[in-house]
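Just the heavy atoms: all of them, side chains too, but no hydrogens, waters or symmetry mates, feed the values below. Letters A, B, ... mirror the listed sequences (proteins, then strands); counts begin at 1.
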Amino acid sequence: MLLAMPLWQSARKKLVTSNRVQYNHRGRLAACFRFCYRSFQMSDLRVRFAPSPTGTLHIGGARTALFNYLLARKEQGTYVLRIEDTDVARSTQESVDAILDAMHWLGLSCDEGPFYQSDRFDLYKQKVQQLLDEGKAYKCYCTQEELDAKREAAMKAGGKPKYDGTCRNRTDSPDLPYVVRFRLPSDDGVTTFIDRIKGKISIRHEELDDLIIQRTDGTPTYNFVVVVDDAEMGMTLVIRGDDHINNTPRQILLYEALGYPVPEFAHVPMILGADKKRLSKRHGATSVMDYQKMGYLPEAMVNYLVRLGWSCGDEEIFSMSDLIEKFTLENVGKSAGVFNPDKLLWLNAHYIKSGNPQRLAGLLEEFLTQKGIDIPSGPDLVEVVKSLQERASTLVEMADGAAFYYAAELEYDEKAKGKFLTTDQRATFQAILDNLAQCQQFNEEILEKTFAAVMEVTGLKFGKIAQPLRVALTGGTASPSIYQVLQVLGKERSLARIQRAMEQLG
RNA sequence: GUCCCUAUCGUCUAGCCUGGUCCAGGACACCGCCCUUUCACGGCGGCGACGGGGGUUCGAAUCCCCCUGGGGAUGCCA
């Protein structure tokens, strides 16, 4: 895995040695230095997103990835993707692919990776051995059952459910299965770090215990590999969900035990459901790609996600490039936010309204095809899209709204038919048909004149003509404006539909 | 239970660090009006919050303390 010294490592070496500065990520000196450094070279900011492939990409994970991506872009740093698949039993390639797809859809391309932790077991093994050799870790032979019993007993006694250190000073080495535990450096100490979002956080070591870093089966655990990898991959800032806050002090202790520099941390608040409980499937779709299937645009998702927990004055609409310019950790809120599907929908409607029709047409095709619609046999898709943009909130809605354009045999809404396709409309329809048939082409100006003539002949107001015609043309009472429908459908289809409607009058 | 984090409209938030310009601003949702050939879009207006209690201060949404609420952790998950 360690083939050649990666570019960033040599860059950092240069950075440290040439200035004789102790590289300290937590220190103000380092921060200040980084700033100066950036002025003449690429930033040394290195961040990562490290999902575990045990399912699809979750909304919360997507937001964490987004924050990482934005900061890296803004500071011209490096954004690394790492797959945390140390839990061999639960990790699947399927999940990896699903996560990669979602990242791609959102437009969060990484600069390095994806790296797989399962490719790096040798490295972890070596690091565990290092701690073992240095007496900073030890083998523990307690069984799962014993541990469970101890925890329960401690809880009952009103104590903390910590490991009691049975094997801590064991000198024998029985031929039994064992885990490796990290020896807590000092039982009475305090570990403090300055979180970039939350501020100062301290945890007393008495709250901690000897953490398992290697399982009975020889595989390393999360809290250990995350430290080894973040250090070995040169991360300078770790942005992750705030459910990791409690892990951070023990991770810092591991960095120190392994002789690594400690990165900075930024813990982003969780996303909750409407009931203020942790967002889960009970609250509806939580997988990013579910939203694609429901007809959402990636820019709407990105815009929504970033505004959930981050703000920039009163602004609501942000393109990716706006975000890269404006995003800062300083404006990320400290408290958990409730996922609000209504606002996401509003944003989606906004991006559909203002989106490029050609692009939307391309995206819509898939949804139309799913409905069994044969696009080439109908009117121009781009024109269809234009007529629907301000009346659809999702691509699914747009596809529903577009269906009538492509219907070979229009199905009439029962109520609409009953009300508007009645025999007393025959004269009106005939007038429309006669006048429309004379049109050389359908455009705003000609149609206006044509309908003026129809109103003249029938003595009816436009509304009285438009609604029956709408039913004849679209099958229902809600649609884009009549002129628009006529133009998109074209003369031939329009006349055919009117004729067919006249045959239905009754 | 213990520890950690957190607290402005129903929701996302601005304001808080640098107390007075805040009888708290914006957005979503909701309600009303206008526009209108339908449905929408849009425009205008309305409803609606500083969790509670103590301090500090001439003055607190803003600073301090306590309580309460919410979230997280407490895994040989990540």
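Interface remark: the A:Thr221 side chain does not form any donor-acceptor pair with the B:C76 base, using a distance-only criterion of under 3.5 Å.
Side-chain contact, A:Thr328 with A:Arg196: no donor N or O sits under 3.5 Å from an acceptor N or O.
Note on A:Arg204: only backbone sugar-phosphate atoms sit closer than 4.0 angstrom, heavy atoms only; bases stay farther off. Among the atoms of the strands shown, base atoms are found under 4.0 Å from some heavy atom of A:Asn247. A:Lys277 comes within contact range of the sugar-phosphate backbone alone, with a heavy-atom separation under 4.0 Å but no base atom that close. Residue contacts for A:Thr54: at a heavy-atom cut-off of 4.0 Å it reaches no nucleic acid atom on any strand shown. Using a 4.0 Å heavy-atom distance criterion, A:Thr86 is classed as a sugar-phosphate-only contact.
Rounded to whole Å, the separation between the C1' atoms of B:G19 and B:G59 comes to 8 Å. Comparing the P positions of B:U21 and B:G71 gives a spacing of 35 Å, expressed to the nearest Å. For the P atoms, the distance from B:C41 to B:C22 is 33 Å, rounded to whole Å.
One finds the CZ atom of A:Phe67 at 8.5 Å from the CH2 atom of A:Trp310 (value rounded to the nearest 0.5 Å).
One can place CD of A:Glu145 at 15 Å from P of B:G75, the figure rounded to the nearest angstrom. Between A:His244 atom NE2 and B:A78 atom P the separation is 11 Å, expressed in whole Å.
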Per-nucleotide protein contact string for nucleotides 11-17 of chain B, where B marks a base within reach and S marks sugar-phosphate only (heavy atoms under 4.0 Å, - for neither): BBSS---
Sequence-aligned protein contact record of nucleotides 30-53 of chain B, with B where the base is within under 4.0 Å of a protein heavy atom and S where only the sugar-phosphate is: -------BBBBSS-----------
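A salt bridge is defined here as a Lys NZ or Arg NE, NH1 or NH2 lying under 4.0 Å from an Asp or Glu carboxylate O, and A:Asp164 with A:Lys150 meets this definition.
Contacts of A:Glu383 classified as side chain to side chain donor-acceptor pair (under 3.5 Å), with partners at least two apart in sequence or in another chain: A:Lys386.
The partner of B:C47 cannot be assigned: no Watson-Crick or G-U wobble pair with both contacts below 3.5 Å exists in any strand. Base-pair partner of B:G75: not found among the strands shown (Watson-Crick or G-U wobble, both distances under 3.5 Å). Applying the Watson-Crick and G-U wobble criteria (two distances, each under 3.5 Å), B:C63 pairs with B:G55.
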